[in-house]
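Scroll down for the structure; my scribbles are underneath it.
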Amino acid sequence: MVQAKSWVMVKHFDGFPKNSDFQLKVEELPEPKNGEVLIEAVFLSVDPYMRPFSKLYMKEGDVMIGTQVAKVIQSKNSAFPVGSHVVSSCGWKTHAISDGKDLTLLMADWPKNVPMSLAVGAIGMPGLTALYGVEAVLKVQKGETLLVNAAAGAVGTVVGQIGKIHGCKVVGSAGSDAKVAYLKELGFDEAFNYKTVPSLEEALKKAAPEGYDCFFENVGGQFSTFALQQMKEFGRIAVCGGISTYHDSAFQTGPYPLTTINWKQVKIEGFMQSRWQSDHPQGLKKLMGWYKEGKLKSREHVTKGFENMPAAFMGMLQGENIGKAIVTV
């Protein structure tokens with residue numbers, strides 16, 4: 001018998017999450033049945049999407065949603081031998097029993113010198129989100145100017161680097177001077193701290209006086225309003241998220257800048273990486289290739305201890321992380 005810990009959402013978040021919204025539970029897990037495996041968490045992911053998805057897809061008392069890199073410690077399923085590592089969508093749990101349907105084996109040739117934690121980061125869901133947003137939605141072209149907000153986060157850092165791989169001028173916005181410095185390290189052509197610039201409108205103009213061909217949108221709110229004014233004619237916007245609105249008690253309503261969208265003939269498309277599920281193996285190989293070539297770099301913000309999952313989640317939502325926020329068990 002294995003003692004498993006899990007974090008449940010006891011109350012739907014009202015505004016920004018609070019410690020009292022979470023509860024740590026402990027249970028004894030039975031032995032795996034035929035076709036099942038017992039997995040043990042190694043790296044757990046905390047991501048912005050968990051905030052809006054909790055409202056849409058979770059009931060009070062459910063285990064918090066999320067992915068993790070886990071090790072198979074018992075197996076009665078030949079597809080997942082003991083000692084193998086998987087990406088699991090079981091949520092905030094230290095241990096889980098699975099029939100394998102929610103598990104994905106790490107690629108067989110995962111290099112030993114590449115941290116397995118990247119399987120929930122730059123070579124995982126965030127990396128795939130960036131890849132599809134840049135290549136399939138925006139369809140960036142060499143010489144174009146790409147704008148990325150929340151650029152120092154798990155997705156934004158990869159977006160900017162893929163933009164550079166494709167020969168774009170890349171402009172990033174982030175929320176601290178340390179984050180801006182990191183973006184410059186990654187090769188962003190221009191980067192600014194949106195919290196300290198006197199005028200967001202002027203900062204966007206200064207970074208790219210010629211305007212923006214493409215905009216990878218992670219934030220929403222006021223930033224979107226100003227960025228839209230700087231789009232070139234026939235510009236493209238990929239809407240990945242709207243983290244500035246996630247804690248609103250009511251959905252934001254107009255007025256919407258439809259005239260600007262119309263006159264500039266801007267294309268705006270929302271997307272999620274799950275649309276390209278069948279392309280994931282090839283996408284992960286592409287990301288791994290860039291990482292091995294040194295074209296894709298990744299920084300992780302690591303929180304130690306499963307007991308600190310809520311703190312890591314709330315810290316990520318407040319922008320404490322540079323790069324991917326993960327929790328180690």
Mark yes or no for whether [X], through its side chain, and [Y], through its backbone, hold a donor-acceptor pair below 3.5 Å.
X	Y	answer
Asp21	Met9	no
Thr157	Gly323	no
Gln141	Lys139	yes

* To do: Any side chain to side chain donor-acceptor pair (under 3.5 Å) involving residues 113-130? Give me the pairs, sequence neighbours left out, ordered by first then second residue.
  =>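 Qualifying pairs: Ser117-Glu300.
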
More than 12 non-hydrogen atoms from neighbouring residues, nucleotides or ligands closer than 6.0 Å to [atom1] on [X], yes or no?
X	atom1	value
Lys206	NZ	no
Met272	CE	no
Lys285	NZ	no

* Between Lys232, Lys169, Arg236, which is the residue that forms a side-chain hydrogen bond (donor to acceptor under 3.5 Å, both in side chains) with Asp213? ->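 When side-chain hydrogen bond (donor to acceptor under 3.5 Å, both in side chains) is applied between Asp213 and each of Lys232, Lys169, Arg236, only Lys232 qualifies.
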
* For Ala154, all residues meeting side chain to side chain contact (heavy atoms under 4.5 Å, CB included), sequence neighbours excluded ->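 Here the qualifying residues are Pro126, Lys324.
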
* Compare all side-chain heavy atoms of Phe223 with those of Ser244 and state whether any distance is below 4.5 angstrom. =>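 No, every pair of side-chain atoms sits at 4.5 Å or beyond.
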
* Have His166 and Glu135 got a donor and an acceptor in their side chains that come within less than 3.5 Å? -> yes

* To do: Using the side-chain contact (heavy atoms from CB on, under 4.5 Å) rule, take Thr67 and Met125 through it: C-alpha gap first, then chi angles, then the decisive distance, then the call.
  => CA-CA 9 Å; Thr67 56; Met125 182 276 290; 5.6 Å; no

* Structure fact -> Sequence neighbours excluded, the answer for side chain to side chain donor-acceptor pair (under 3.5 Å) partners of His247 is Arg51

* Atom CD in Gln230, atom CD in Glu210: separation rounded to 0.5 Å? -> 10.5 Å

* Evaluate side-chain hydrogen bond (donor to acceptor under 3.5 Å, both in side chains) for Gln3 paired with His95, printing each intermediate quantity in order. => CA-CA 8 Å; Gln3 195 175 68; His95 299 80; over 6 Å; no

* To do: Show the numbers, then the answer: is there a salt bridge (charged side-chain N to carboxylate O under 4.0 Å, His left out) between Asp189 and Lys164?
  => CA-CA 9 Å; Asp189 297 281; Lys164 293 304 299 178; 2.8 Å; yes

* Should Trp7 and Phe313 be marked as a ring pair (Phe, Tyr, Trp, His ring centres under 6.0 Å) after you check the CA-CA gap, both sets of side-chain angles, and the distance that decides it? -> CA-CA 12 Å; Trp7 280 104; Phe313 176 58; over 10 Å; no

